[in-house]
K.L.:
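My questions all concern the structure below.
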2 protein chains.
Amino acid sequence: MRGKKGYTYEYARPALTVDCVVFGFGGGELEVLLIERGLEPYAGWWALPGGFVRVGEDLGAAAGRELSEEAGIDAGYLEQLGAFGAPGRDPREHVVSVAYWALVRPGDYRLAAATDAVAARWHGVGELPRLAFDHGEIVGVAVERLRARVRQQPVGFNLLPEKFTLTELQGLYEAILGEGLDKRNFRKRVLALDLLTALPEERREGAHRPAQLFRFDPDKYAVLERRGFHFEL
Amino acid sequence: MRGKKGYTYEYARPALTVDCVVFGFGGGELEVLLIERGLEPYAGWWALPGGFVRVGEDLGAAAGRELSEEAGIDAGYLEQLGAFGAPGRDPREHVVSVAYWALVRPGDYRLAAATDAVAARWHGVGELPRLAFDHGEIVGVAVERLRARVRQQPVGFNLLPEKFTLTELQGLYEAILGEGLDKRNFRKRVLALDLLTALPEERREGAHRPAQLFRFDPDKYAVLERRGFHFEL
DNA sequence: CCTTTTCGTGTGCGAATGACACTAAGTCAA
DNA sequence: TTGACTTAGTGTCATTCGCACACGAAAAGG
C-alpha cells in the first residue's frame, strides 16, 4: 500500500471508530445510554453509541458528532478514555476504537434521534445487559475512570440539573461511588470547598421541610484551580 | 470506500500509529528516550519512537514491538496514554497516534538498534529539545500521568535496578515528582507499605557508611492489591 | 585518630478525618 | 388544632494522619 506523495504505508490500516459511554443520573441510579443495534454484526444487541472517524476530523469532535447525531445529546463533559484495539474485538475485521465518556444533565438529550439504531435507552450500571463487541469492558473502564475523576474534580455537577439540593448531590455521589456517605460530613466538605452558590429559592415537594437549592459556580472553581488545589471528594 | 463483505465504510480511514514515551532514570534525573528522525517530515528532529500499527496486531503489542525493534528495549512497564488525533498533527495526512508510556530499568536496553532512525538518546525531561509532530505535548501528558500513577501504584521500581538503596529510591521519587522529600518520613512510609525485602547485602562505595540494599517484592504487592488498598506515595 | 561523607533513626504538634443524634420545618389527616 | 410523618439541617469529640525537625553511626582515607 502506497500513499500519494511517495510516502510508504508498510501495512494496511485498521479501521478507526469512536464509541461513547454516556452517563446519566436518573431514579437515584447511575445510568448508561445504550443503543440497540439494527445491523449485523450483533444485530439486536445493545451497544455503545459510536461510529467511524472521518478523515480530517478531530477525535473529540467525532465523538461529539456521533452523540448528537445518534442520540440528540449535548454532553456537558467529554473525556477520552483510551483506544481499544484487540484484534478479535470486531468479527469482521480489525477495528480500533477510541472510546470517550460523557456526562449529560437530565434534559440535555432527546433520545431516539437515532439513524441506524433500533432503539436507545438508559440502563442502570448495575443491571447492564450483555453488550456487543468489547463494549462491556469499555463500560467497566469508564465507570472506574468516572469514580476516580469524581473524587478529584468537580465533574459530577454535569449529571444534575442546574439547581439541586445537597441531598440530591449526596445521592449522586453515593450512586457513583457505590457506597453510603455520612450526611453531615458530606455537607461539611462540599460547602467547605466553596464551589456552590446558595440560591434564594427552596425546593418544596411532598409533606416535609423544603430544601435549600444550590448552583455549581464555575467561577469559584476557576479561582481554586488556578492556584494548585486538591478536591478530595 | 467499501469493504469486502458488503459492509459500508462511509469514509476513508485515517492512518494509525503508535508512539512510545520511554522513561528512564539516569544521573539522578528522569529521562525520556528520543530518536533523531532520518526521514521527512521533520528529518533531523527529535521524536518519540513509534511506527505504524499492523492489521491484526494488538495495540500494546505494536508498542512493544516498536520499542524492541527501534531501540532494543524490553519495557518493565507499559501503559496506554491515549489517542492523539488532531487533524494537523502530521503535515502529510490525517494520522491518529495511540500513545503509550513505558518504564525501563537501566540495563534493559541497548540503544542504536534503530533502523530508520539516525540516532537514539536519553534526554532529561527538564531539557527536552523541540520535538517533531505533537510529540512535545504527548510527553507532557505522559509525565503528568507518570506523576499521578507513581503516587498510587508502586510502578517506580521499574526504573531502578533489582537491588537498590532507600536513598536511591527517594532520589527517584524526587526526580519524578520534581520536589524534595523528607528523608525520615519517606523511609517510614515506604517501609510501612511492606513492599520491600531487605537483602542480606549492603552497598559499599566511597568513603562512608554502606547502605542497606532492598528489593521490590511483587508477591507482597499482590497480597495488598487483593484486598483493596491505598498507596499514597 | 581525625576528617569527611553518607546512612539510619523517633518525637511531638497541629490538622484532618470520621463517628455519631437530635431539632426544625413543612404537609396531611384525624 | 394537634399529632404523626417525612425530609432538612446542624456540632462535638476522639482518633488518626501528616509533617517538621537533629543527631549519632559507620566506613574510608589521609
Side-chain angles (χ1 to χ4, degrees), chain A residues 25 27-29 150-152 154 160-161 163-175 177-216 224 227-233, chain B residues 25 27-28 147-148 150-152 160-161 163-175 177-215 224 228-233:
Chain A
F25 182 56
E29 209 190 351
V150 95
R151 286 180 189 277
Q152 301 182 327
L160 290 177
K163 304 172 181 180
F164 52 85
T165 68
L166 290 185
T167 302
E168 287 170 332
L169 185 63
Q170 179 176 351
L172 170 66
Y173 272 75
E174 289 176 338
L177 299 176
E179 55 179 324
L181 301 174
D182 181 84
K183 189 171 167 182
R184 286 182 281 197
N185 293 334
F186 180 80
R187 296 164 103 90
K188 234 183 307 173
R189 274 198 293 239
V190 168
L191 293 177
L193 287 173
D194 193 33
L195 291 175
L196 302 184
T197 302
L199 299 172
E201 328 162 40
E202 293 180 329
R203 164 165 307 163
R204 54 187 59 238
E205 65 177 317
H208 52 267
R209 179 172 177 178
Q212 178 67 246
L213 283 171
F214 291 85
R215 179 170 57 79
F216 172 65
L224 284 192
R227 42 180 168 102
F229 87 128
H230 282 290
F231 193 78
E232 216 41 60
L233 215 179
Chain B
F25 182 56
R147 287 198 177 131
V150 94
R151 286 180 187 278
Q152 301 182 327
L160 290 177
K163 304 173 180 179
F164 52 85
T165 68
L166 289 184
T167 302
E168 288 170 331
L169 184 64
Q170 179 175 351
L172 170 67
Y173 272 76
E174 288 176 337
L177 299 175
E179 56 178 323
L181 300 174
D182 181 85
K183 188 171 168 183
R184 284 182 283 195
N185 293 335
F186 180 81
R187 296 165 103 90
K188 230 184 308 172
R189 275 197 293 239
V190 168
L191 293 178
L193 287 172
D194 193 33
L195 292 174
L196 302 185
T197 302
L199 299 173
E201 330 162 37
E202 293 181 331
R203 165 166 306 163
R204 52 187 63 237
E205 64 180 317
H208 52 267
R209 180 172 177 179
Q212 177 68 244
L213 282 172
F214 291 85
R215 180 170 57 78
L224 284 191
F229 88 128
H230 282 288
F231 192 77
E232 214 43 59
L233 215 180

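Throughout, protein chains are lettered first and strands after them, A, B, ... in sequence-line order, and every chain is numbered starting at 1.
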K.L.:
Once each nucleotide of nucleotides 24-30 of chain D is scored for protein heavy atoms under 4.0 Å, what B/S/- sequence comes out, 5' to 3'?
P.N.:
BBBBS--

K.L.:
Measure across A:A175 and A:G28 and return the closest heavy-atom pair with its distance rounded to 0.1 Å.
P.N.:
CB-O, 3.8 Å

K.L.:
For the residue pair B:E205 and B:R203, what are the closest heavy atoms and their distance?
P.N.:
OE2-CD, 3.3 Å

K.L.:
Where the side chain of A:Q170 meets the backbone of A:L181, is there a donor-acceptor pair that is under 3.5 Å apart?
P.N.:
yes

K.L.:
Between atom CG in A:L191 and atom P in D:dG11, what is the gap in whole Å?
P.N.:
12 Å

K.L.:
Give the rounded distance in Å between these two atoms: CZ of B:F186 and P of C:dG10.
P.N.:
18 Å

K.L.:
What are the two closest heavy atoms between A:V190 and A:L169, and how far apart are they?
P.N.:
CG1-CD2, 3.9 Å

K.L.:
How close or far is atom C1' of C:dC22 from atom CZ of A:R187, stated in whole angstroms?
P.N.:
15 Å

K.L.:
Closest nucleotide of DNA chain D for A:D182 versus for A:A211: which of these residues is on the 5' side?
P.N.:
A:A211

K.L.:
Which one, C:dT9, D:dA20, D:dG9, comes nearest to the side chain of B:K188?
P.N.:
D:dA20

K.L.:
With respect to A:F214, which candidate in A:L191, A:L199, A:T165, A:L160 satisfies the side chain to side chain contact (heavy atoms under 4.5 Å, CB included) definition?
P.N.:
A:L191

K.L.:
Can you tell me how far P of C:dC7 sits from CZ of B:F164, to the nearest Å?
P.N.:
14 Å

K.L.:
Let me spell it out: for each of B:N185 and B:T165, pick the nucleotide of DNA chain C with the closest heavy atom. Which residue's pick is nearer the 5' end?
P.N.:
B:T165

K.L.:
Measure the spacing between CG of B:L166 and CG of B:L213 and express it to the nearest 0.5 Å.
P.N.:
9.5 Å

K.L.:
Round to the nearest Å and state the distance from B:K183 atom NZ to C:dG10 atom C1'.
P.N.:
14 Å

K.L.:
What's the CG-P distance between B:L181 and D:dG18, to the nearest Å?
P.N.:
14 Å

K.L.:
Measure CZ/B:F214 against C1'/C:dC7 and give the value in whole Å, please.
P.N.:
11 Å

K.L.:
With no angle test and no hydrogens, is the base of C:dA21 tied to the side chain of A:R184 by a donor-acceptor pair under 3.5 Å?
P.N.:
yes

K.L.:
Rounded to whole Å, please give me the gap between CZ in B:R189 and P in C:dT9.
P.N.:
17 Å

K.L.:
What's A:T167 touching, base or sugar-phosphate or nothing? Going by heavy atoms closer than 4.0 Å.
P.N.:
sugar-phosphate

K.L.:
Taking all heavy atoms of A:E201 and all of A:K163, pick out the closest pair and write down the distance.
P.N.:
OE2-NZ, 2.9 Å

